[in-house]
Amino acid sequence: MADQTPDEKPQPDAADLPTASAAVAAETAAAQDTEGPSTEIDAVRPAEPAPVYRTGMFGVRGSGDTSGYGGLQRRVPVQPGAVKPYGGYFDDVDAALAQAWPGYRDVVEKVVVHRGEMTIHVARAGLLQFLQTLRDDPDLRFELLSAVSGVHYPDDPTGRPLHSVYHLTSLTYRRRIRVEVSVPDEDPHVPSAVAVYPTADWQERETWDLMGIVYDGHPALTRILMPDDWVGHPQRKDYPLGGIPVEYKGASIPPPDERRSYS
Amino acid sequence: MTSTPSSPTESPYTESTEGRVYTVTGGDWDDVVTSGAAGEERIVVNMGPQHPSTHGVLRLVLELEGELVTDARVVIGYLHTGIEKNCEYRTWTQGTTFVTRADYLSPLFNETAYCLSVERLLDAQVPERAQVIRVLMMELNRISSHLVWIATTGMELGAISMMLYGFREREQILDIFEMVTGLRMNHAYIRPGGVSQDLPPGAVEKIRELLVDLPKALDGYDRLLTGQPIWQQRQKNIGVLDGPGCLALGVTGPMLRAAGIGWDLRKEQPYCGYEDYEFDVITRPEGDCWARYEVKMAEMRESLKIVEQALDKLRPGPIMVADKKIAWPAQLALGSDGLGNSLDHVKKIMGTSMEALIHHFKLVTEGFRVPPGQAYVPIEAPRGELGAHIVSDGGTRPFRVHVREPSFINLQAVPALVQGGYVADVVSSLSSLDPVLGGVDR
């Protein structure tokens, strides 16, 4: 996965696609037609991601494989957006949000409920008001921002590979939810949450340092883990792990990112 | 031609062909003080990155007005080893060997936090005995971590004997770890699906010995430190951070409980069966270093209570999930040349079952696949909320691992703790915060 660059990624042949995913792909194309190629993303609901395909095994690409494995295709399921009722306290959170901020659903792109955890995907334009509402409303009271983390999905079908993820905790209600914002590579700006949650300070610096997400309005967005003059953002998928082959008893063991990959 | 000094801090000098020659003599201190030259005396001092009381390679940049700290900045990153990045290039099982190295004083917590998140994505049910062993090991680890804290705090505040005693008792716990996991640190003992091996014979007895010895040692620490006036003066009303301040800065764990907020994930959002254990959440209202001292000292006794209950709960049973597609390593046995696959297992895969051999080979080299999605399961580590944000794309390797490290986030509170205080109290505040730089930098 990680050592695949986007242009090497095997594209599914349209003829082999199951009809359902073909329909999704058609929808995606249609949505892109109506919206145009603009990078205007805020408050625009993105099309449901198309299924991801993988071909082959053992990380073999090109003509190296004579075993037949290269013909294998595996479909990776994509998390669908949840529909109400979400179950558990998630419906209470939703109702309280709707009451505190009637227009909140306009900034919500998708809600995912998976394995007992709720993830709310939010457009970045509404992020700060969203967090503020979650923190201050007496029926929500998410007092603690547990963690900010960044994830880089280079093949994100919506064209927004950089995700900034906020894990929120309500001590009052013993609840946890996750808020996620995604931005495109060429415009990696997210409003800083430091004014709402001061604890976001270092965590946003870390995410900037390792992922390259720019938090607008952060008091001092500098590198925190890497040296000040470092070039690049090491946690991104296109950043190599590095390493040298190790020789042992005449055999050479390649560095970890060049070893056989099964996924 | 000697110049006349314009201020008491300036020495008279003579211009010569060789350059300027100063005549340095003594002066009257009162003249220096009244001249006003000392009024704006601002010193910037670097503490670290290898000052003995900075808990490792932490650097503090302090701005001082005389003895008062007016500004403090924390510089970290000296120990960044890319643990999260490395996890993306190994199997899910190998991930534990990386995360265990983050906060090296609480390795079993790192492993548990990681494994709980992986297990949530796998939707795996860990067997009862493995849960109990996890609780047992984590609570022992909490004590050993707090023992390092009290030992280093003693050293930093001038009670050197406390350091020796703390490390002595910790050694007893590390001996137990070595007996159970094979290693004193960096165990990789807790694996997705359970634990890597069962408790060896004699481990329970050894832990019971500790349950007898350690309370006596804790009583000894109490007698040594608690009533001592210097120990109290160095900590009372020092480094105060109240409850709302803690929450705003994301500070959790003993610091939050010492500020009057009784938030303990073992009680509030139980995991690993903590709801079945009897123990108290220790809180203090003051929010200063002294309150943190009292909370952590009492927490060690509570952990002992949990360890005792866990020993009583131990029932024979599996220590790894039944699903053979996940359970690895699960067929270990101690041979003459150390721990390895059990002879029965080797006999089976080499002698009787080709399918078992293929399966074993694939599980070890390729690993298991984790369903796509993301999970975050926080646990109560010795320093606060610890959780691993795990993202899977459905493959045999983690797509992303992000560790929410309590040390990293608590360290943000340093300026709030030390600004406006004396420079000597920086050490008290920092040691009560108990950062571990391996966890901070990852």
Side-chain angles (χ1 to χ4, degrees), chain A residues 1-3 52 54 57-58 74 76-79 112 114-117 119 143-153 155 163 165 167 169 171 174 176 178 180 197-203 206-207 209-210 223-227 234-235 237 239 241-243 255-257 259-263, chain B residues 74-77 79-80 82 84-86 88-91 120-123 244-252 256 261 263 268-269 362 365-367 369 371-378 385 387 389 391 393-397 399-405 408-409 411-413 416 440-442:
Chain A
M1 182 67 229
D3 48 1
V52 179
R54 285 223 188 80
M57 281 184 86
F58 304 133
R74 206 162 60 82
V76 177
V78 177
Q79 282 182 341
V112 174
H114 182 63
R115 297 276 191 255
E117 293 185 12
T119 311
E143 301 102 338
L144 178 66
L145 174 64
S146 278
V148 179
S149 94
V151 190
H152 185 211
Y153 299 92
D155 303 324
H163 291 223
V165 187
H167 301 266
T169 308
L171 276 65
R174 296 183 183 134
R176 283 182 189 274
R178 182 159 45 224
E180 197 164 329
Y197 292 107
T199 181
D201 184 349
W202 279 23
Q203 308 189 52
E206 185 195 338
T207 312
D209 190 358
L210 301 180
R223 289 192 181 269
I224 187 165
L225 293 178
M226 305 302 289
Q235 280 283 356
K237 289 289 179 187
Y239 191 98
L241 181 68
D257 57 345
R259 288 180 200 159
R260 179 179 282 179
S261 146
Y262 296 93
S263 44
Chain B
V74 188
V75 184
I76 62 168
L79 211 53
H80 179 59
E84 296 171 1
K85 178 90 173 169
N86 271 296
E88 296 170 12
Y89 293 90
R90 314 287 167 136
T91 65
R120 177 169 287 180
L121 278 185
L122 283 169
D123 208 10
C246 282
L247 285 182
L249 291 169
V251 174
T252 47
L256 183 61
I261 297 182
W263 178 257
E268 308 298 337
Q269 297 183 327
K362 276 177 72 76
T365 56
E366 180 176 334
R369 289 194 158 76
Q374 49 183 334
Y376 175 77
V377 186
E385 177 179 327
H389 177 216
V391 182
D393 64 343
T396 57
R397 296 165 166 186
F399 188 75
R400 172 85 166 104
V401 178
H402 176 260
V403 182
R404 190 265 188 213
E405 251 297 331
F408 174 73
I409 291 167
L411 209 54
Q412 289 187 95
V440 173
D441 294 338
R442 282 158 287 145

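Only a predicted model underlies this, so the values are computations on that prediction, with no experimental measurement involved.
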Quiz item: Which atoms of B:I409 come close to chain A, meaning under 4.5 Å heavy atom to heavy atom: side chain ones, backbone ones, both, or neither?
Solution: side chain
Practice problem: Please flag which part of B:I261 lies under 4.5 Å from any non-hydrogen atom of chain A: side chain, backbone, both or neither. | Solution: side chain
Quiz item: For the candidates A:G116, A:S149, A:P256, which exhibits the highest count of non-hydrogen atom pairs separated by less than 4.5 Å from chain B?
Solution: A:S149
Self-check item: Interface moiety of B:P378 toward chain A, non-hydrogen atoms closer than 4.5 Å
Solution: side chain
Exercise. Determine yes or no for a side-chain-to-main-chain donor-acceptor pair under 3.5 angstrom, with A:E143 supplying the side chain and B:L247 the backbone.
Key: no
Quiz item: So which part of B:E84 gets closer than 4.5 Å to some heavy atom of chain A, the side chain, the backbone, both or neither?
Solution: both
Practice problem: Can you tell which part of A:E117 gets under 4.5 Å to a heavy atom of chain B, answering side chain, backbone, both or neither? | Solution: side chain
Quiz item: Can you tell which of B:R120, B:H80, B:R404, B:R90 has the highest number of heavy-atom pairs within less than 4.5 Å of chain A?
Solution: B:R120
Quiz item: Under a 4.5 Å heavy-atom cutoff, which of A:E206, A:H152, A:M226 has the most pairs with chain B?
Solution: A:E206
Quiz item: Do B:L121 and A:H114 touch side chain to side chain, with heavy atoms closer than 4.5 Å?
Solution: yes
Quiz item: Quick check: does any side chain N or O of B:R400 sit under 3.5 Å from a backbone N or O of B:V391, one acting as donor and the other as acceptor?
Solution: no
Exercise. For the pair A:D209 (side chain) and A:L225 (backbone), establish whether a donor and an acceptor sit closer than 3.5 Å, ignoring hydrogens and angles.
Key: yes
Quiz item: Can you tell if the side chain of B:F408 reaches within under 4.5 Å of the side chain of B:I76, non-hydrogen atoms only?
Solution: yes
Self-check item: Atom group of A:V165 that falls short of 4.5 Å from chain B, counting heavy atoms
Solution: side chain
Quiz prompt | chain B contact via A:R178 - which portion, at a heavy-atom distance below 4.5 Å | solution = side chain
Quiz item: Any donor and acceptor pair, going by atom type alone, linking the side chain of A:H163 with main-chain N or O of A:G150 inside 3.5 Å?
Solution: no
Quiz item: Quick one: what part of A:P234 sits under 4.5 Å from any heavy atom of chain B, side chain, backbone, both or neither?
Solution: backbone
Practice problem: Check each atom of B:T365 against the heavy atoms of chain A and say whether the ones under 4.5 Å are side chain, backbone, both or neither. | Solution: both
Practice problem: Name the option with the most non-hydrogen atom pairs under 4.5 Å to chain A; the candidates are B:L411, B:L79, B:V75, B:V251. | Solution: B:L411
Self-check item: Residues which pass side-chain contact (heavy atoms from CB on, under 4.5 Å) with A:T169, listed by chain and number, not counting sequence neighbours
Solution: A:L144, A:S146, A:L171, A:R176, B:W263, B:E385
Quiz item: Checking heavy atoms, do the side chain of B:V74, its backbone, both or neither come under 4.5 Å from chain A?
Solution: both
Quiz prompt | side-chain contact (heavy atoms from CB on, under 4.5 Å) partners of A:P198, counting only residues at least two apart | solution = B:A248, B:L249
Quiz item: Does A:L210 reach the side chain of B:R442, with side-chain heavy atoms less than 4.5 Å apart?
Solution: no
